[in-house]
Amino acid sequence: MSSTSSARQKFQALPGTRDLLSPTSERMRALVNTFADEAERAGFGQIVSPMFEDLGVFTRLGESTDVVTKELYDFEDNGGRRIALRPEFTASVCRAYAQERPLTPWKAWYAGPAFRQEKAQKGRYRQFDQVGAEVIGSHDPDLDTELVALADRFYRRLGLRSVTLLLNTLGDAADRPRYLDALRAHFNANLDALTEQSRITLEKNPLRVLDSKRPPDAELIAAAPVITDFLSVEAGAAFERVQQGLTALEVPFTLAPRLVRGLDYYTRTTFEFAGTGLEAAQNAVGGGGRYDGLVADLGGPEDPGVGFALGVDRTLMACDADGVFDAPNPTVDVWIVAVTDGTEGLELAEELRRAGVSVDRAFDGRSMKAQMKAANRSGAPLAVIVGEDELAADSVSLRPMRRADGHSGSEQTVIPRDQMVTRVKELLAR
RNA sequence: GUGGCCGUAGCUCAACUGGUUAGAGCAUCGGGUUGUGAUCCCGAAGGCUGGGGGUUCGAGUCCCCUCGGUCACCCCA
(Lines give C-alpha, C1' and ligand atoms only; values in the text may rest on other atoms or scores of the structure.)
Protein backbone atom coordinates (compact mmCIF):
# COMPACT_ATOMS: atom_id res chain seq x y z
CA MET A 1 0.00 0.00 0.00
CA SER A 2 1.82 3.06 -1.22
CA SER A 3 1.53 6.34 0.63
CA THR A 4 1.57 8.15 -2.70
CA SER A 5 -1.59 6.51 -3.94
CA SER A 6 -4.53 8.84 -4.36
CA ALA A 7 -6.61 7.02 -1.75
CA ARG A 8 -5.49 7.67 1.77
CA GLN A 9 -4.15 4.71 3.64
CA LYS A 10 -6.59 3.10 6.00
CA PHE A 11 -4.84 2.28 9.22
CA GLN A 12 -5.83 -0.37 11.66
CA ALA A 13 -4.62 -1.36 15.09
CA LEU A 14 -1.50 -3.53 14.91
CA PRO A 15 -1.82 -7.29 15.38
CA GLY A 16 -2.36 -8.19 18.98
CA THR A 17 -3.59 -4.73 19.90
CA ARG A 18 -7.11 -3.41 19.91
CA ASP A 19 -9.37 -0.57 20.90
CA LEU A 20 -11.68 -1.00 23.83
CA LEU A 21 -14.79 1.08 23.34
CA SER A 22 -17.38 2.13 25.81
CA PRO A 23 -19.12 -0.62 27.58
CA THR A 24 -16.07 -2.86 27.32
CA SER A 25 -13.64 -0.25 28.52
CA GLU A 26 -15.82 0.53 31.51
CA ARG A 27 -16.04 -3.12 32.31
CA MET A 28 -12.28 -3.32 32.39
CA ARG A 29 -12.09 -0.26 34.60
CA ALA A 30 -14.64 -1.77 36.94
CA LEU A 31 -12.53 -4.90 37.18
CA VAL A 32 -9.42 -2.90 38.01
CA ASN A 33 -11.35 -0.84 40.56
CA THR A 34 -12.58 -4.01 42.22
CA PHE A 35 -9.07 -5.36 42.40
CA ALA A 36 -7.71 -2.07 43.73
CA ASP A 37 -10.36 -2.04 46.42
CA GLU A 38 -9.58 -5.57 47.58
CA ALA A 39 -5.84 -4.96 47.52
CA GLU A 40 -6.01 -1.71 49.44
CA ARG A 41 -8.33 -3.29 51.94
CA ALA A 42 -5.52 -5.76 52.56
CA GLY A 43 -2.91 -3.07 53.10
CA PHE A 44 -1.41 -2.90 49.65
CA GLY A 45 -0.46 0.44 48.14
CA GLN A 46 -0.40 1.06 44.41
CA ILE A 47 2.82 1.20 42.46
CA VAL A 48 2.89 2.90 39.08
CA SER A 49 6.12 1.93 37.41
CA PRO A 50 7.54 2.70 33.97
CA MET A 51 6.35 0.71 31.00
CA PHE A 52 9.90 0.37 29.78
CA GLU A 53 13.11 -0.43 31.57
CA ASP A 54 16.72 -1.16 30.92
CA LEU A 55 16.80 -4.39 28.96
CA GLY A 56 18.85 -5.99 31.72
CA VAL A 57 15.99 -5.72 34.20
CA PHE A 58 14.08 -8.25 32.16
CA THR A 59 16.85 -10.51 30.94
CA ARG A 60 17.43 -11.42 34.60
CA LEU A 61 14.08 -13.19 34.48
CA GLY A 62 15.69 -16.21 32.95
CA GLU A 63 17.58 -17.48 29.97
CA SER A 64 15.21 -20.28 29.20
CA THR A 65 12.02 -18.26 29.28
CA ASP A 66 10.52 -17.33 25.96
CA VAL A 67 9.15 -14.19 27.49
CA VAL A 68 12.63 -12.70 27.50
CA THR A 69 14.46 -14.67 24.84
CA LYS A 70 12.08 -14.16 21.95
CA GLU A 71 9.06 -12.11 22.95
CA LEU A 72 10.62 -8.94 24.28
CA TYR A 73 9.97 -5.66 22.52
CA ASP A 74 13.41 -4.14 22.73
CA PHE A 75 15.05 -1.22 21.04
CA GLU A 76 17.77 1.34 21.41
CA ASP A 77 16.96 4.88 22.46
CA ASN A 78 18.69 7.99 21.19
CA GLY A 79 21.36 7.71 23.84
CA GLY A 80 22.21 4.18 22.81
CA ARG A 81 20.55 2.66 25.86
CA ARG A 82 19.12 -0.83 25.43
CA ILE A 83 15.48 -0.56 26.36
CA ALA A 84 12.64 -3.04 26.61
CA LEU A 85 8.90 -2.75 27.04
CA ARG A 86 7.89 -4.63 30.18
CA PRO A 87 6.65 -8.16 29.46
CA GLU A 88 5.38 -8.41 33.05
CA PHE A 89 5.49 -6.38 36.25
CA THR A 90 7.44 -8.36 38.81
CA ALA A 91 10.87 -7.39 37.57
CA SER A 92 9.97 -3.70 37.59
CA VAL A 93 8.56 -3.96 41.08
CA CYS A 94 11.75 -5.60 42.30
CA ARG A 95 13.87 -2.98 40.59
CA ALA A 96 11.78 -0.26 42.19
CA TYR A 97 12.17 -1.90 45.57
CA ALA A 98 15.94 -2.11 45.21
CA GLN A 99 16.00 1.52 44.15
CA GLU A 100 13.56 3.08 46.61
CA ARG A 101 14.03 0.80 49.61
CA PRO A 102 10.58 1.18 51.18
CA LEU A 103 9.83 -0.26 54.63
CA THR A 104 9.36 -4.01 54.71
CA PRO A 105 7.31 -5.97 54.25
CA TRP A 106 6.48 -3.82 51.28
CA LYS A 107 3.07 -4.57 49.81
CA ALA A 108 2.36 -3.16 46.37
CA TRP A 109 -0.42 -3.70 43.85
CA TYR A 110 -0.50 -2.64 40.22
CA ALA A 111 -2.57 -2.56 37.07
CA GLY A 112 -1.59 -1.77 33.53
CA PRO A 113 -0.46 -3.06 30.17
CA ALA A 114 2.46 -5.36 29.42
CA PHE A 115 3.93 -6.28 26.06
CA ARG A 116 4.98 -9.50 24.45
CA GLN A 117 5.73 -10.18 20.78
CA GLU A 118 3.80 -13.35 20.20
CA LYS A 119 1.53 -14.45 17.44
CA ALA A 120 -1.74 -13.11 18.68
CA GLN A 121 -4.96 -14.98 19.06
CA LYS A 122 -7.95 -14.75 21.32
CA GLY A 123 -7.00 -14.09 24.93
CA ARG A 124 -3.45 -13.60 23.82
CA TYR A 125 -2.46 -10.11 22.83
CA ARG A 126 0.77 -8.31 22.25
CA GLN A 127 -0.39 -5.57 24.52
CA PHE A 128 -2.38 -7.03 27.36
CA ASP A 129 -3.42 -5.89 30.79
CA GLN A 130 -2.60 -7.36 34.13
CA VAL A 131 -3.48 -6.64 37.71
CA GLY A 132 -1.29 -8.01 40.43
CA ALA A 133 0.22 -7.71 43.87
CA GLU A 134 3.67 -8.29 45.31
CA VAL A 135 5.16 -8.41 48.80
CA ILE A 136 8.88 -7.91 49.22
CA GLY A 137 10.99 -8.33 52.31
CA SER A 138 9.48 -11.22 54.22
CA HIS A 139 9.93 -14.98 54.28
CA ASP A 140 6.70 -15.53 56.16
CA PRO A 141 4.68 -18.17 54.30
CA ASP A 142 1.53 -16.58 55.65
CA LEU A 143 2.12 -13.87 53.09
CA ASP A 144 1.93 -16.51 50.37
CA THR A 145 -1.40 -17.50 51.84
CA GLU A 146 -2.59 -13.90 52.09
CA LEU A 147 -1.75 -13.26 48.48
CA VAL A 148 -3.63 -16.30 47.27
CA ALA A 149 -6.53 -15.34 49.50
CA LEU A 150 -6.53 -11.85 47.98
CA ALA A 151 -6.84 -13.26 44.48
CA ASP A 152 -9.52 -15.64 45.71
CA ARG A 153 -11.54 -12.82 47.27
CA PHE A 154 -11.22 -10.85 44.07
CA TYR A 155 -12.56 -13.71 41.97
CA ARG A 156 -15.41 -14.25 44.38
CA ARG A 157 -16.35 -10.63 44.25
CA LEU A 158 -16.53 -10.80 40.48
CA GLY A 159 -18.80 -13.76 40.87
CA LEU A 160 -16.38 -16.14 39.19
CA ARG A 161 -16.88 -19.79 39.95
CA SER A 162 -15.03 -21.72 37.28
CA VAL A 163 -11.51 -20.98 38.42
CA THR A 164 -9.33 -23.53 40.15
CA LEU A 165 -6.23 -22.89 42.14
CA LEU A 166 -3.31 -25.15 41.37
CA LEU A 167 -0.67 -25.16 44.07
CA ASN A 168 2.91 -26.36 44.12
CA THR A 169 6.31 -25.55 45.53
CA LEU A 170 9.58 -25.38 43.67
CA GLY A 171 11.72 -25.69 46.77
CA ASP A 172 14.74 -23.61 47.64
CA ALA A 173 17.66 -22.83 45.42
CA ALA A 174 19.59 -25.53 47.26
CA ASP A 175 16.88 -28.13 46.67
CA ARG A 176 16.65 -27.48 42.99
CA PRO A 177 19.87 -29.13 41.74
CA ARG A 178 19.05 -32.46 43.31
CA TYR A 179 15.57 -32.39 41.82
CA LEU A 180 16.87 -31.35 38.43
CA ASP A 181 19.34 -34.23 38.52
CA ALA A 182 16.54 -36.64 39.28
CA LEU A 183 14.44 -35.21 36.48
CA ARG A 184 17.29 -35.41 34.01
CA ALA A 185 17.99 -38.98 35.01
CA HIS A 186 14.36 -39.90 34.61
CA PHE A 187 13.95 -38.34 31.17
CA ASN A 188 17.36 -39.40 29.88
CA ALA A 189 16.59 -42.98 30.79
CA ASN A 190 13.57 -42.78 28.48
CA LEU A 191 14.81 -40.39 25.88
CA ASP A 192 13.19 -42.09 22.91
CA ALA A 193 9.78 -41.74 24.56
CA LEU A 194 10.15 -37.96 24.50
CA THR A 195 9.21 -35.67 21.65
CA GLU A 196 12.06 -33.90 19.97
CA GLN A 197 10.83 -30.57 21.29
CA SER A 198 11.02 -31.88 24.81
CA ARG A 199 14.52 -33.22 24.29
CA ILE A 200 15.64 -29.75 23.36
CA THR A 201 13.86 -28.33 26.37
CA LEU A 202 15.51 -30.97 28.54
CA GLU A 203 18.91 -29.61 27.60
CA LYS A 204 17.98 -26.08 28.55
CA ASN A 205 15.73 -26.57 31.54
CA PRO A 206 14.50 -29.98 32.66
CA LEU A 207 11.76 -28.38 34.74
CA ARG A 208 10.14 -27.00 31.66
CA VAL A 209 9.69 -30.44 30.18
CA LEU A 210 6.96 -30.91 32.77
CA ASP A 211 5.13 -28.13 31.00
CA SER A 212 4.79 -29.99 27.72
CA LYS A 213 1.24 -30.59 26.59
CA ARG A 214 2.31 -32.87 23.76
CA PRO A 215 0.44 -36.15 24.14
CA PRO A 216 3.46 -38.43 23.55
CA ASP A 217 5.18 -36.85 26.55
CA ALA A 218 2.27 -37.25 28.89
CA GLU A 219 3.06 -40.73 30.13
CA LEU A 220 6.65 -39.99 30.97
CA ILE A 221 5.75 -36.73 32.68
CA ALA A 222 3.17 -38.45 34.80
CA ALA A 223 5.85 -40.85 35.99
CA ALA A 224 8.44 -38.14 36.65
CA PRO A 225 9.82 -37.60 40.13
CA VAL A 226 8.11 -34.99 42.20
CA ILE A 227 9.71 -31.94 43.84
CA THR A 228 8.06 -32.59 47.17
CA ASP A 229 10.38 -35.55 47.63
CA PHE A 230 13.39 -33.24 47.42
CA LEU A 231 12.38 -30.40 49.69
CA SER A 232 14.61 -29.08 52.46
CA VAL A 233 13.10 -29.17 55.94
CA GLU A 234 12.47 -25.42 55.82
CA ALA A 235 10.90 -25.40 52.37
CA GLY A 236 8.78 -28.41 53.27
CA ALA A 237 7.56 -26.74 56.46
CA ALA A 238 6.76 -23.51 54.62
CA PHE A 239 4.73 -25.36 52.01
CA GLU A 240 2.93 -27.20 54.74
CA ARG A 241 2.13 -23.91 56.45
CA VAL A 242 0.68 -22.44 53.26
CA GLN A 243 -1.58 -25.43 52.75
CA GLN A 244 -2.79 -25.26 56.33
CA GLY A 245 -3.43 -21.56 55.98
CA LEU A 246 -5.47 -21.94 52.82
CA THR A 247 -7.45 -24.76 54.38
CA ALA A 248 -8.14 -22.62 57.44
CA LEU A 249 -9.34 -19.78 55.24
CA GLU A 250 -11.43 -22.21 53.22
CA VAL A 251 -9.70 -21.33 49.99
CA PRO A 252 -9.94 -24.48 47.89
CA PHE A 253 -6.81 -25.64 46.11
CA THR A 254 -5.51 -28.58 44.15
CA LEU A 255 -1.98 -29.82 44.65
CA ALA A 256 -0.18 -29.91 41.31
CA PRO A 257 3.23 -31.42 42.01
CA ARG A 258 4.34 -31.00 38.40
CA LEU A 259 3.18 -27.42 37.97
CA VAL A 260 6.03 -25.24 36.75
CA ARG A 261 5.71 -21.64 35.76
CA GLY A 262 6.93 -19.74 32.77
CA LEU A 263 9.46 -17.58 34.49
CA ASP A 264 12.64 -19.01 35.93
CA TYR A 265 12.81 -16.92 39.06
CA TYR A 266 10.29 -18.83 41.13
CA THR A 267 11.17 -20.58 44.38
CA ARG A 268 9.06 -22.31 46.99
CA THR A 269 5.35 -21.60 46.64
CA THR A 270 4.03 -21.37 43.08
CA PHE A 271 0.44 -21.31 41.97
CA GLU A 272 -1.72 -20.85 38.97
CA PHE A 273 -5.37 -20.01 38.48
CA ALA A 274 -6.94 -22.07 35.72
CA GLY A 275 -10.20 -21.05 34.13
CA THR A 276 -12.06 -24.31 33.74
CA GLY A 277 -14.56 -22.81 31.31
CA LEU A 278 -11.84 -21.67 28.92
CA GLU A 279 -9.94 -23.24 26.03
CA ALA A 280 -6.73 -24.86 27.17
CA ALA A 281 -4.63 -22.32 25.31
CA GLN A 282 -5.84 -19.43 27.38
CA ASN A 283 -7.01 -21.08 30.57
CA ALA A 284 -4.17 -19.66 32.63
CA VAL A 285 -5.99 -16.66 34.00
CA GLY A 286 -3.36 -15.85 36.56
CA GLY A 287 -0.41 -17.12 38.51
CA GLY A 288 2.41 -16.33 40.83
CA GLY A 289 4.66 -17.51 43.57
CA ARG A 290 7.80 -16.77 45.54
CA TYR A 291 10.92 -15.34 44.01
CA ASP A 292 13.42 -15.26 46.81
CA GLY A 293 16.46 -14.46 44.68
CA LEU A 294 15.13 -11.96 42.18
CA VAL A 295 15.69 -8.73 44.09
CA ALA A 296 19.31 -9.66 44.63
CA ASP A 297 19.68 -10.57 40.96
CA LEU A 298 18.66 -7.03 40.16
CA GLY A 299 21.40 -5.65 42.33
CA GLY A 300 19.26 -5.22 45.42
CA PRO A 301 19.54 -6.73 48.90
CA GLU A 302 19.01 -10.42 49.56
CA ASP A 303 15.33 -9.84 50.22
CA PRO A 304 12.66 -12.38 49.37
CA GLY A 305 9.44 -11.69 47.50
CA VAL A 306 6.07 -13.20 46.65
CA GLY A 307 3.42 -12.08 44.24
CA PHE A 308 0.96 -12.86 41.55
CA ALA A 309 -0.39 -11.39 38.35
CA LEU A 310 -3.80 -11.90 36.82
CA GLY A 311 -4.61 -11.44 33.14
CA VAL A 312 -7.38 -8.90 32.85
CA ASP A 313 -8.67 -10.13 29.49
CA ARG A 314 -8.62 -13.76 30.46
CA THR A 315 -10.32 -13.01 33.73
CA LEU A 316 -13.02 -11.21 31.79
CA MET A 317 -13.27 -14.18 29.43
CA ALA A 318 -13.72 -16.45 32.42
CA CYS A 319 -16.45 -14.11 33.65
CA ASP A 320 -18.16 -14.42 30.29
CA ALA A 321 -17.97 -18.19 30.49
CA ASP A 322 -19.72 -17.96 33.86
CA GLY A 323 -22.18 -15.32 32.66
CA VAL A 324 -20.98 -13.02 35.41
CA PHE A 325 -19.73 -9.43 35.88
CA ASP A 326 -21.55 -7.91 32.94
CA ALA A 327 -20.47 -4.74 31.27
CA PRO A 328 -22.10 -1.76 32.91
CA ASN A 329 -24.32 0.34 30.69
CA PRO A 330 -23.49 3.90 31.59
CA THR A 331 -26.38 6.30 31.20
CA VAL A 332 -26.82 9.94 31.85
CA ASP A 333 -29.52 11.26 34.21
CA VAL A 334 -30.85 14.03 32.03
CA TRP A 335 -31.27 14.51 28.29
CA ILE A 336 -31.79 18.00 27.01
CA VAL A 337 -34.18 18.51 24.13
CA ALA A 338 -33.71 22.02 22.81
CA VAL A 339 -35.56 23.07 19.67
CA THR A 340 -34.83 26.76 19.80
CA ASP A 341 -32.13 27.77 17.41
CA GLY A 342 -30.29 29.53 20.22
CA THR A 343 -27.85 28.37 22.78
CA GLU A 344 -30.32 26.99 25.32
CA GLY A 345 -29.12 23.43 24.93
CA LEU A 346 -25.55 24.45 25.49
CA GLU A 347 -26.34 26.58 28.52
CA LEU A 348 -28.79 24.27 30.24
CA ALA A 349 -26.43 21.34 29.91
CA GLU A 350 -23.61 23.31 31.42
CA GLU A 351 -25.77 24.59 34.26
CA LEU A 352 -26.83 21.09 35.22
CA ARG A 353 -23.34 19.69 34.87
CA ARG A 354 -21.93 22.38 37.12
CA ALA A 355 -24.58 21.37 39.62
CA GLY A 356 -23.30 17.80 39.46
CA VAL A 357 -26.00 16.28 37.28
CA SER A 358 -24.97 14.05 34.39
CA VAL A 359 -26.35 15.39 31.15
CA ASP A 360 -26.19 14.84 27.43
CA ARG A 361 -28.07 16.17 24.45
CA ALA A 362 -28.41 16.11 20.69
CA PHE A 363 -26.58 18.33 18.25
CA ASP A 364 -26.85 19.43 14.64
CA GLY A 365 -30.23 21.11 15.09
CA ARG A 366 -32.33 18.01 14.88
CA SER A 367 -36.11 17.98 15.06
CA MET A 368 -37.89 17.59 18.36
CA LYS A 369 -39.03 14.14 17.37
CA ALA A 370 -35.49 13.13 16.59
CA GLN A 371 -34.26 14.58 19.85
CA MET A 372 -36.94 12.77 21.82
CA LYS A 373 -35.89 9.56 20.15
CA ALA A 374 -32.33 10.22 21.15
CA ALA A 375 -33.45 11.00 24.68
CA ASN A 376 -35.31 7.74 24.85
CA ARG A 377 -32.44 5.77 23.45
CA SER A 378 -30.02 7.30 25.91
CA GLY A 379 -31.83 5.69 28.79
CA ALA A 380 -31.89 8.98 30.71
CA PRO A 381 -34.80 8.95 33.17
CA LEU A 382 -35.55 12.62 32.65
CA ALA A 383 -35.77 14.96 29.67
CA VAL A 384 -35.54 18.71 29.96
CA ILE A 385 -37.41 20.28 27.05
CA VAL A 386 -37.07 23.82 25.85
CA GLY A 387 -38.80 25.20 22.76
CA GLU A 388 -40.27 28.51 21.68
CA ASP A 389 -42.99 28.47 24.36
CA GLU A 390 -40.62 27.75 27.22
CA LEU A 391 -38.18 30.28 25.92
CA ALA A 392 -40.86 32.98 25.83
CA ALA A 393 -42.04 32.16 29.35
CA ASP A 394 -38.54 31.73 30.73
CA SER A 395 -39.39 28.17 31.70
CA VAL A 396 -38.45 24.58 30.90
CA SER A 397 -40.52 21.41 30.65
CA LEU A 398 -39.51 18.37 32.66
CA ARG A 399 -40.58 15.12 31.11
CA PRO A 400 -40.04 11.87 32.98
CA MET A 401 -38.99 9.16 30.53
CA ARG A 402 -40.08 5.63 31.04
CA ARG A 403 -38.56 2.43 29.85
CA ALA A 404 -40.44 -0.01 27.68
CA ASP A 405 -43.11 -0.77 30.29
CA GLY A 406 -45.37 2.24 29.81
CA HIS A 407 -45.72 5.50 31.73
CA SER A 408 -45.19 4.68 35.35
CA GLY A 409 -43.61 8.03 36.19
CA SER A 410 -45.17 11.37 36.86
CA GLU A 411 -46.54 13.74 34.23
CA GLN A 412 -44.62 16.31 32.28
CA THR A 413 -44.50 19.66 34.05
CA VAL A 414 -43.52 23.19 33.16
CA ILE A 415 -41.40 25.02 35.69
CA PRO A 416 -39.62 28.36 35.90
CA ARG A 417 -36.20 28.08 34.41
CA ASP A 418 -34.40 29.24 37.54
CA GLN A 419 -35.85 26.30 39.43
CA MET A 420 -34.53 23.74 36.98
CA VAL A 421 -31.58 22.48 38.99
CA THR A 422 -33.51 21.99 42.22
CA ARG A 423 -36.51 20.39 40.54
CA VAL A 424 -34.33 18.09 38.45
CA LYS A 425 -32.49 16.96 41.54
CA GLU A 426 -35.76 16.33 43.35
CA LEU A 427 -37.10 14.22 40.52
CA LEU A 428 -33.88 12.25 40.23
CA ALA A 429 -33.80 11.56 43.95
CA ARG A 430 -37.06 9.62 43.73
C1' G B 1 7.67 -18.20 14.54
C1' U B 2 5.22 -22.99 11.86
C1' G B 3 0.59 -25.15 10.07
C1' G B 4 -5.15 -25.47 9.31
C1' C B 5 -9.66 -22.60 8.68
C1' C B 6 -11.99 -17.91 7.74
C1' G B 7 -12.62 -12.47 5.69
C1' U B 8 -19.62 -10.04 1.80
C1' A B 9 -23.23 -3.04 4.16
C1' G B 10 -21.97 -0.20 11.14
C1' C B 11 -23.51 -5.49 13.29
C1' U B 12 -25.29 -10.79 12.29
C1' C B 13 -25.70 -13.38 7.93
C1' A B 14 -27.77 -14.74 2.30
C1' A B 15 -26.26 -15.17 -2.91
C1' C B 16 -27.56 -23.38 -6.85
C1' U B 17 -22.19 -26.54 -9.35
C1' G B 18 -18.35 -18.89 -11.62
C1' G B 19 -23.56 -15.99 -15.10
C1' U B 20 -27.66 -10.32 -15.64
C1' U B 21 -28.01 -3.48 -11.65
C1' A B 22 -24.62 -8.47 -4.57
C1' G B 23 -29.86 -9.38 -0.86
C1' A B 24 -32.21 -9.64 4.27
C1' G B 25 -32.71 -8.65 9.51
C1' C B 26 -31.01 -5.34 13.22
C1' A B 27 -28.89 -0.52 13.68
C1' U B 28 -28.81 4.58 11.34
C1' C B 29 -31.40 8.82 9.00
C1' G B 30 -36.10 11.02 7.17
C1' G B 31 -41.50 11.03 6.88
C1' G B 32 -46.71 9.52 8.87
C1' U B 33 -49.02 18.05 8.76
C1' U B 34 -49.43 22.32 13.05
C1' G B 35 -43.49 21.42 19.35
C1' U B 36 -42.88 15.22 22.34
C1' G B 37 -39.70 8.99 22.67
C1' A B 38 -40.66 3.31 23.14
C1' U B 39 -45.03 -0.03 19.26
C1' C B 40 -46.80 0.41 14.12
C1' C B 41 -46.61 2.04 8.78
C1' C B 42 -43.78 4.25 4.60
C1' G B 43 -39.20 5.71 2.59
C1' A B 44 -33.84 6.71 2.23
C1' A B 45 -28.92 6.09 2.76
C1' G B 46 -25.21 2.55 3.32
C1' G B 47 -20.70 -2.58 -0.15
C1' C B 48 -14.93 -1.30 -6.14
C1' U B 49 -17.55 -8.67 -1.71
C1' G B 50 -10.10 -6.93 3.35
C1' G B 51 -6.22 -5.26 -0.49
C1' G B 52 -3.34 -6.48 -5.11
C1' G B 53 -2.52 -9.55 -9.30
C1' G B 54 -4.06 -13.73 -12.49
C1' U B 55 -7.42 -17.47 -15.17
C1' U B 56 -12.15 -16.68 -17.93
C1' C B 57 -16.64 -14.11 -22.72
C1' G B 58 -17.86 -13.38 -17.44
C1' A B 59 -15.35 -14.05 -10.36
C1' G B 60 -18.06 -12.63 -3.99
C1' U B 61 -17.50 -17.65 -5.97
C1' C B 62 -11.26 -20.64 -9.09
C1' C B 63 -5.48 -19.69 -8.58
C1' C B 64 -1.26 -16.75 -6.49
C1' C B 65 0.51 -12.89 -3.28
C1' U B 66 -0.56 -9.73 0.74
C1' C B 67 -3.14 -7.82 5.17
C1' G B 68 -6.23 -9.12 9.15
C1' G B 69 -8.89 -12.67 12.35
C1' U B 70 -9.27 -17.49 14.42
C1' C B 71 -7.67 -22.46 15.94
C1' A B 72 -3.59 -25.89 16.91
C1' C B 73 1.66 -26.19 18.03
C1' C B 74 5.00 -23.21 20.86
C1' C B 75 4.49 -20.35 25.05
C1' C B 76 1.95 -17.84 28.62
C1' A B 77 -1.68 -13.74 31.40
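Order of the sequence lines fixes the chain letters, A, B, ..., with proteins taken first and strands second; residue numbering starts at 1 for each chain.
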With respect to the side chain of [X], which nucleotide from [options] is positioned closest?
| X | options | value |
| --- | --- | --- |
| A/Glu118 | B/G37, B/C75, B/C71 | B/C75 |
| A/Phe128 | B/A77, B/G68, B/G32 | B/A77 |
| A/Lys119 | B/A77, B/G3, B/A38 | B/G3 |

Fill in the blank from the handout: Rounded to the nearest 0.5 Å, the OG1 atom of A/Thr90 sits from the CG atom of A/Leu298 at a distance of 10.5 Å

Handout entry: Cation over ring face, A/Arg18 and A/Tyr125, 6.0 Å, 45°
Key = yes

Practice task
Take A/Glu71 and A/Ala374, find for each the nucleotide of RNA chain B with the closest heavy atom, and name the residue whose nucleotide sits nearer the 5' end.
Solution key: A/Ala374

Practice task
Using the closest heavy atom to pick a nucleotide of RNA chain B for each, name whichever of A/Arg126 or A/Asp313 lands nearer the 5' end.
Solution key: A/Arg126

Atom [atom1], compared across [N] and [M]: separation rounded to whole Å:
| N | M | atom1 | answer |
| --- | --- | --- | --- |
| B/G58 | B/G19 | P | 14 Å |
| B/A9 | B/C5 | C1' | 24 Å |
| B/C16 | B/A22 | C1' | 15 Å |
| B/C26 | B/C40 | P | 9 Å |
| B/A45 | B/G30 | C1' | 10 Å |
| B/G60 | B/U21 | P | 10 Å |
| B/A59 | B/C64 | C1' | 15 Å |

My understanding is that a pair needs two contacts under 3.5 Å, Watson-Crick or G-U wobble. By that rule, which nucleotide pairs with [N]?
| N | result |
| --- | --- |
| B/U36 | none |
| B/U17 | none |
| B/G43 | B/C29 |
| B/A59 | none |
| B/C75 | none |
| B/U49 | none |
| B/U70 | B/G4 |

Exercise for the section: Look at A/Asp144 together with A/Arg268 and state whether they make a salt bridge at an N to O cut-off of under 4.0 Å. Expected result: no

Exercise for the section: Please check if atom CD in A/Glu219 has more than 12 non-hydrogen atoms from other residues, nucleotides or ligands closer than 6.0 Å. Expected result: no

Handout entry: No-hydrogen, no-angle side-chain donor-acceptor test under 3.5 Å, A/Tyr97 and A/Asp303
Key = yes

Taking 4.0 Å as the cut-off, does a side-chain nitrogen or oxygen of [X] come that near to OP1 or OP2 on [N]?
| X | N | result |
| --- | --- | --- |
| A/Arg377 | B/U28 | yes |
| A/Lys122 | B/C71 | yes |
| A/Arg261 | B/A77 | yes |
| A/Gln371 | B/G37 | no |
| A/Arg208 | B/C74 | no |

Problem - Option passing ring-ring contact (aromatic ring centres under 6.0 Å, His included) with A/Tyr155 (candidates A/Phe273, A/Phe308, A/Phe325) - result: A/Phe273

